[in-house]
Amino acid sequence: MLTRRHFLAGAAGLPATGRFSMPVIGQARPKVVIVGGGAGGASVLRRLAGLANGALDITLVEPQAVYTSCFYSNLFLGGFLPMEALRHDYAAIAKLPGVTVARDAARAVDWERRQVTLAGGAVLPYDRLVLSPGIDLDYASVPGWSREAEERMPHGWKAGHQTELLKRQIDAVPDGGLILVIAPPNPYRCPPGPYERVSMMAHALTSTGRTRARIVILDPKDRFSKQPLFQQGWEKYYPGMIEWMPPAIHAGIGNVDPSSMTVETGFETYRNADLVNVIPRQTAGRLAIEADLTDASLYCPVDPRTMQSRADPAVFVLGDSAIAGDMPKSAFAANSQAQMVAAVIARDLLEAGAPAAAYRNRCWSLIGPDDSVFVGGQYQPGPDRIEQTASDISTLEDDAATRRANYEDSAGWYAGLTHELFG
């Protein structure tokens, strides 16, 4: 039997614009459905709404009335930002020409009928579908941990309630207390994020006189992003407080027990911890998995030139759920990919021109007050994947003025991006 997947596989050699039908001239405005109102989805919407000027029917599917950014949330944990600085609503987006905001969750995607079914029962037809559902958490990846256990051992990797819960637990750690951070395996959202978080935990402790507290990082990786820069900063600002353990030292996580706040490793059993931050293995958002858009990695293969799904070229996947080659999973990367997605959709539905694909990323991490480090890159589509063509990173020799300028750059980027997206 000729299935849709078999048909698409046979059409893989065709130009992107010839793989599926265009909207009929004279019909109602072409319909674009965007699932996910975070950095990726909101960026596509803003760019596409500007290009279309009302010529497209764009629906944003987002169950939350207020978006809480995971990016920059570590600064709240460290006491550098109020929670309100992370919260953004969709009021300005809902007023854009041709845009509707559907406050509901997407339940299913039907490739054949080109429609999205919402949890409330509504069915949204589309000519193009953009999926930016973020990440899902693999609760079974840490033995003994579970969805129920996240209230006792929070992850804080989806912002909002979990962020506030983690902050309360950090504030309750006594002087001399023990924090355990279980870091995630690759790939995951924001590669430097766990280590910036540890820096902010240490700052929160030392700035309130809890200098005898200890933070132990149990890492499944042999190395991590910006490692020399973080370790230099930890020694400078928090000497003796932070201990990083790769798998060769801790020999793996055997079990966690939320009731007794115990973590068993192959090397040692840590009992009665004051805080256990479990950041588990991550996958593409569940909708993408259930829509059969993922491969064995449980992330979504995409065309590196366009971010179109390898499974269905009427669907675009970007941000944390996409397999983006050398690009990390970050808000900056999602915003960069979104510009290409919007341009390709405008080309297909509005007969607009689209530039050649090029992507960028930049990621800042705050280690101590006014001491921020960054890593960045430029990327181009290769034959099968997005490839890095240039890179830039802070150095161990940077002076205080440079590190302070990095922090100001990061603050400007956050303010600029959130204003661009949410008004």
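Since we're looking at a predicted model, the values are computed, not measured.
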Review point. Looking only at heavy atoms, which two atoms of Met261 and Arg152 are closest? And how far apart?
Key: CG-NH2, 3.5 Å
Practice item. List the atom of Asn74, the atom of Met200, and the distance in Å for their closest heavy-atom pair. Key: O-CG, 3.2 Å
Practice item. Walk me through it: do Leu48 and Leu56 pass the test side chain to side chain contact (heavy atoms under 4.5 Å, CB included)? Key: CA-CA 9 Å; Leu48 195 56; Leu56 295 176; 3.7 Å; yes
**Study point:** Trp364 (side chain) donor-acceptor with Glu408 (main chain) under 3.5 angstrom
**Key:** no
Point to revise | For the student: nearest non-hydrogen atoms of Ala106 and Val35, plus distance | key: CB-CG1, 3.9 Å
**Study point:** SB check Glu164 Arg87 (cutoff 4.0 Å)
**Key:** yes
Exercise for review: List the steps, then state whether salt bridge (Lys or Arg N to Asp or Glu O under 4.0 Å) holds for Asp171 with Lys167.
Suggested key: CA-CA 6 Å; Asp171 291 345; Lys167 172 64 171 170; 3.4 Å; yes
Review point. Does the side chain of Trp145 reach to within under 4.5 Å of the side chain of Glu150, using non-hydrogen atoms?
Key: yes
Review point. Is the closest basic N to carboxylate O distance between Arg114 and Asp110 below 4.0 Å?
Key: no
**Study point:** Charged N-O contact under 4.0 Å between Asp138 and Arg281
**Key:** yes
Exercise for review: Just do the side chain to side chain contact (heavy atoms under 4.5 Å, CB included) check on Phe316 and Val344 with the steps written out, would you?
Suggested key: CA-CA 10 Å; Phe316 295 76; Val344 172; 3.8 Å; yes
Exercise for review: Look at the rings of His88 and Phe422 and say which category their plane angle falls in: under 30° parallel, 30 to 60° tilted, over 60° perpendicular.
Suggested key: parallel
Point to revise | Candidate list Val173, Ile242, Leu166, test side chain to side chain contact (heavy atoms under 4.5 Å, CB included), partner Met201, passing option | key: Leu166
Check your understanding: Given the rule in the side chain to side chain contact (heavy atoms under 4.5 Å, CB included) test, do Leu124 and Val61 qualify, once you have shown the distances and angles that lead to the verdict?
Key -> CA-CA 10 Å; Leu124 304 178; Val61 179; 3.6 Å; yes
Check your understanding: If you measure from the Lys or Arg side-chain nitrogens to the Asp or Glu carboxylate oxygens, is any gap between Asp320 and Lys329 under 4.0 Å?
Key -> no
Practice item. Examine the side chains of His161 and Glu151 and answer whether a donor and an acceptor come within less than 3.5 Å of each other. Key: yes
Check your understanding: Is the backbone N or O of Asp398 less than 3.5 Å from a side-chain atom of Thr402, with the two atoms forming a donor-acceptor pair by type?
Key -> no
Point to revise | Aromatic plane relationship, Trp157 with Tyr188 - under 30° parallel, 30 to 60° tilted, over 60° perpendicular | key: tilted
Review point. Is there side-chain contact between Tyr67 and Asp89, with heavy atoms separated by less than 4.5 Å?
Key: no
Review point. When you check the gap from the basic side-chain N to the acidic O, do Lys31 and Asp127 get nearer than 4.0 Å?
Key: no
Check your understanding: Side chains of Ser199 and Tyr238: do they bring a donor and an acceptor to under 3.5 Å?
Key -> no
Exercise for review: For the pair Gln232 (side chain) and Gln227 (backbone), establish whether a donor and an acceptor sit closer than 3.5 Å, ignoring hydrogens and angles.
Suggested key: no
Review point. Taking all atoms of both residues into account, what is the closest heavy-atom pair of Gln169 and Pro154, and its distance?
Key: OE1-CD, 3.4 Å
Exercise for review: For ring-ring contact (aromatic ring centres under 6.0 Å, His included), just list the numbers for Trp244 and Tyr195, CA-CA rounded to whole Å, side-chain angles, deciding distance to a tenth of an Å, and then say yes or no.
Suggested key: CA-CA 10 Å; Trp244 174 72; Tyr195 313 99; 7.7 Å; no
Exercise for review: Using the salt bridge (Lys or Arg N to Asp or Glu O under 4.0 Å) rule, take Lys158 and Asp136 through it: C-alpha gap first, then chi angles, then the decisive distance, then the call.
Suggested key: CA-CA 9 Å; Lys158 291 187 176 184; Asp136 213 342; 3.6 Å; yes
Point to revise | Phe71 ring center within less than 6.0 Å of Trp413 ring center | key: yes
Practice item. For Tyr359 and Asp326, test the side chains for any donor-to-acceptor distance below 3.5 angstrom and give the result as yes or no. Key: no
Review point. Are side-chain N/O atoms of Asn335 and Ser43 paired as donor and acceptor at under 3.5 Å?
Key: yes
Practice item. Give a yes-or-no answer on whether the side chains of Lys226 and Ser394 include a donor-acceptor pair shorter than 3.5 Å. Key: no
Review point. Can we say Arg214 and Glu243 salt-bridge, meaning some charged N sits less than 4.0 Å from an Asp/Glu carboxylate O?
Key: yes
**Study point:** Minimum heavy-atom distance between Arg360 and Ser336, given as atom pair plus value
**Key:** N-OG, 2.9 Å
Review point. Would Asp312 and Ser309 count as having a side-chain donor-acceptor pair, cut-off 3.5 Å?
Key: no
